[in-house]
Amino acid sequence: MSVRELVVLGTASQVPTRHRNHNGYLLRWDGEGILFDPGEGTQRQMLRAGVAAHDLNRICVTHFHGDHSLGLAGVIQRINLDRVPHPVTAHYPGSGQRFFDRLRYATAYRETVGITEGPVGADGPLARTPGYTLEARKLSHPVESYGYRLVEPDGRRMLPDRLAAHGIKGPDVGRIQREGTLDGIALEDVSEVRRGQRFAFVMDTRLCEGVQALAEGCDLLVIESTFLDEDEELAVEHGHLTAGQAARVARDADVRHLVLTHFSQRYSDPEEFERQARAAGYAGELTVARDLLRVPLPKRR
């Protein structure tokens, strides 16, 4: 059975706290696992969440600040220690190649798995698989940063009433799906477009065109909200978003489920992030992330 869910490994910004590990997010997408922004301590959080190195197919790093990338060394070495049998690809800003190289070879270990490097240098698609297209968009942060977006190809939903009206049943249903026509009847006559699911991961950034493009029409949007609205000047200065800004992005982009994360240690009440997001007009499903939380993608439209 296919599983599509977000496993939250860490939710702190800049420094971990007693209750929040550095960043780390695993997206389970059918049979694949995509690890986003493995901060320090990610390998241990994976153990606590029941995530194995064998679950990883891709690693996507938004930028090379430590809270988003210091866990790379441990994760890559664990992939090699466990001899993961399938290819693993790492995406990261190409301008930070020297940081990736240092983290990949931070200490001595036996390299048994070839990590495919996929540096990002511009907006656009990074990979196409039968299950999704992975895209990147540049964000606005003091160091080069990219957000990531998965888009599932549109499919078709068969309509039982139209199939019955045309007398199509049994093996013929599969035949018209495969071949596109059956005895002069087109697939479009007995089905409708089933919109592919969309997921986006937006970390450290100010408001910019990239944020809007990544969020557009998402079923699940994971987005930083480092600051509360009263500290918006600090957010702009340091290249971050507030809870209200993130919520307005989600509202305007018709996001179905909004996940707020990457919280500054200065705030002790996580519920205030939800209150400010609601006050900004976001009416969809809303989660204020906590470590080791699992968030399923919404059911198809």
Inset, instruction - Verify ring-ring contact (aromatic ring centres under 6.0 Å, His included) between His240 and His238, making sure each step is shown before the conclusion. - result: CA-CA 6 Å; His240 288 290; His238 294 287; 7.3 Å; no

Inset, instruction - Kindly determine whether Glu216 and Arg198 satisfy side chain to side chain contact (heavy atoms under 4.5 Å, CB included), including the steps that lead there. - result: CA-CA 9 Å; Glu216 187 61 37; Arg198 303 176 187 189; 5.6 Å; no

Inset, instruction - Test Asp183 against Arg175 for salt bridge (charged side-chain N to carboxylate O under 4.0 Å, His left out), laying out the working first. - result: CA-CA 11 Å; Asp183 298 331; Arg175 183 180 167 192; 5.2 Å; no

Inset, instruction - Could you check Leu9 against Met46 for side chain to side chain contact (heavy atoms under 4.5 Å, CB included), going step by step and ending with a plain yes or no? - result: CA-CA 7 Å; Leu9 302 173; Met46 288 169 60; 3.9 Å; yes

Legend entry - Ser13/Glu224 under side-chain hydrogen bond (donor to acceptor under 3.5 Å, both in side chains): CA gap, chis, key distance, verdict: CA-CA 9 Å; Ser13 71; Glu224 70 122 310; over 6 Å; no

Inset, instruction - Using the ring-ring contact (aromatic ring centres under 6.0 Å, His included) rule, take His22 and His68 through it: C-alpha gap first, then chi angles, then the decisive distance, then the call. - result: CA-CA 7 Å; His22 265 164; His68 297 260; 8.3 Å; no

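Sorted by first and then second residue, the pairs that involve residues 173-210 and meet ring-ring contact (aromatic ring centres under 6.0 Å, His included), not counting sequence neighbours, are Tyr25-Phe201, Phe36-Phe199, Phe36-Phe201.
Transitive grouping of hydrophobic side chains (ILVMFWY, heavy atoms separated by less than 4.5 Å) brings Val51 and Leu72 into a common cluster. Note: the hydrophobic cluster containing Leu81 does not contain Ile59 (ILVMFWY, side chain heavy atoms under 4.5 Å, direct or indirect links). Linking Ile, Leu, Val, Met, Phe, Trp and Tyr residues whenever their side-chain heavy atoms come within less than 4.5 Å leaves Leu260 and Leu292 in two separate clusters. Tyr132 and Val120 fall within a single hydrophobic cluster, where Ile, Leu, Val, Met, Phe, Trp and Tyr side chains are chained together by heavy-atom contacts under 4.5 Å.
Looking at Asp204, Val249, Thr226, Ile223 one by one, the single match for side-chain contact (heavy atoms from CB on, under 4.5 Å) with Leu241 turns out to be Ile223. Partner of His257 under the side-chain contact (heavy atoms from CB on, under 4.5 Å) criterion, out of Val295, Leu221, Leu286: Val295 alone. For the side-chain contact (heavy atoms from CB on, under 4.5 Å) test with Glu135, the passing option among Asp123, Leu126, Val151 is Val151; the others fail.
By the 4.5 Å heavy-atom criterion applied to side chains, Leu134 and Cys60 are counted as neighbours.
For Arg128, the CZ atom is loosely surrounded, since the number of other residues' heavy atoms within 6.0 Å does not exceed 12. Within a 6.0 Å radius of CD in Gln14, other residues, nucleotides and ligands contribute 12 heavy atoms or fewer. For Arg44, the CZ atom sits in a loose shell: 12 or fewer heavy atoms of surrounding residues, nucleotides or ligands are nearer than 6.0 Å. By the neighbour-count criterion of 12 heavy atoms within 6.0 Å, atom CZ of Arg300 is densely surrounded, having more than that number from other residues, nucleotides or ligands. Other residues, nucleotides and ligands place more than 12 heavy atoms under 6.0 Å from the CD atom of Gln212. Counting heavy-atom neighbours within 6.0 Å of His19 NE2, excluding the residue itself, gives a total of 12 or less.
For the atom pair His63 NE2 and Thr205 OG1, the distance stands at 10.0 Å (nearest 0.5 Å). Between the CZ atom of Arg156 and the CD atom of Glu188 there is a distance of 5.0 Å, given to the nearest 0.5 Å. In this structure, the separation between OG1 on Thr116 and CG on Asn57 is 11.5 Å, given to the nearest 0.5 Å. From Asp82, atom CG reaches atom CD of Gln77 across 12.0 Å, with rounding to the nearest 0.5 Å. One distance of note links OG1 of Thr129 with CZ of Arg58; it measures 7.0 Å at 0.5 Å rounding. Interatomic distance, CG of Leu187 versus CZ of Arg178, reported as 12.0 Å (0.5 Å rounding).
Panel note: side chain Glu152, backbone Gln197; a donor-acceptor pair is recorded below 3.5 Å. Side-chain atoms of Tyr92 never come within 3.5 Å of backbone atoms of Phe100 as a donor-acceptor pair (strictly under, hydrogens ignored). Proximity of a side-chain donor or acceptor of Tyr148 to a complementary backbone N or O of Val61 within less than 3.5 Å is detected. Judged purely by atom type and a 3.5 angstrom limit, Asn80 uses its side chain to pair as donor or acceptor with the backbone of Thr112. Between the Arg78 side chain and the Ala52 main chain, no donor and acceptor come within less than 3.5 Å of each other. For Asp67 (side chain) and Val15 (main-chain N/O), no donor-acceptor pair under 3.5 Å exists by modelled atom type. Formation of a donor-acceptor pair under 3.5 Å by the Asp37 side chain with backbone atoms of Gly24 is not found in this model. Remark: side-chain polar atoms of Asp291 are paired, donor with acceptor, to backbone N or O of Asn21 under 3.5 angstrom. Checking side-chain atoms of Arg98 against main-chain N and O of Ser95 turns up a donor-acceptor pair under 3.5 Å. A donor-acceptor pair under 3.5 Å links the side-chain atoms of Arg149 to the main chain of Leu214, judged by distance alone.
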Can you give each donor-acceptor pair under 3.5 Å made by side-chain atoms of residues 157-164, sequence neighbours left out, with the distance rounded to 0.1 Å?
residue: Arg157; atom: NH1; partner: Glu192; partner atom: OE2; Å: 3.2
residue: Arg157; atom: NH2; partner: Arg301; partner atom: O; Å: 3.0

Side-chain donor-acceptor pairs of residues 271-283 under 3.5 Å, sequence neighbours excluded:
residue: Glu272; atom: OE1; partner: Arg275; partner atom: NE; Å: 2.7
residue: Glu272; atom: OE1; partner: Arg275; partner atom: NH2; Å: 2.8
residue: Glu272; atom: OE2; partner: Gln276; partner atom: NE2; Å: 3.3
residue: Arg275; atom: NH2; partner: Asp269; partner atom: OD2; Å: 2.6
residue: Gln276; atom: OE1; partner: Asp229; partner atom: N; Å: 2.7
residue: Gln276; atom: NE2; partner: Glu230; partner atom: OE1; Å: 2.9
residue: Arg278; atom: NH1; partner: Tyr282; partner atom: O; Å: 2.9
residue: Arg278; atom: NH1; partner: Gly284; partner atom: O; Å: 2.7
residue: Arg278; atom: NH2; partner: Gly284; partner atom: O; Å: 3.0
residue: Tyr282; atom: OH; partner: Val255; partner atom: O; Å: 3.0
residue: Tyr282; atom: OH; partner: Arg256; partner atom: O; Å: 3.1
residue: Tyr282; atom: OH; partner: Leu258; partner atom: N; Å: 3.4
residue: Tyr282; atom: OH; partner: Glu285; partner atom: O; Å: 3.2

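Closest heavy-atom contact between Val75 and Pro38: CG2-CB, 4.3 Å. Counting all heavy atoms, side chain and backbone alike, Met203 lies closest to Asn23 at SD-OD1, 4.1 Å. Across every non-hydrogen atom of Tyr146 and Ala136, the tightest pair is CD2-CB, 4.2 Å. Across all non-hydrogen atoms, the minimal contact from Pro130 to Pro153 is O-CG, 3.9 Å. Considering all non-hydrogen atoms of both residues, Val259 and Leu220 come closest at CG2-CD1, 3.7 Å.
Aromatic ring pairs are classed by plane angle as parallel below 30°, tilted from 30° to 60° and perpendicular above 60°; the pair His86 and His54 is perpendicular.
Between Arg248 and Gln245, the side chains place no donor N or O within less than 3.5 Å of an acceptor N or O (distance only, hydrogens not considered).
One finds no salt bridge joining Asp154 and Arg194 here, because no Lys/Arg side-chain nitrogen approaches an Asp/Glu carboxylate oxygen to under 4.0 Å.
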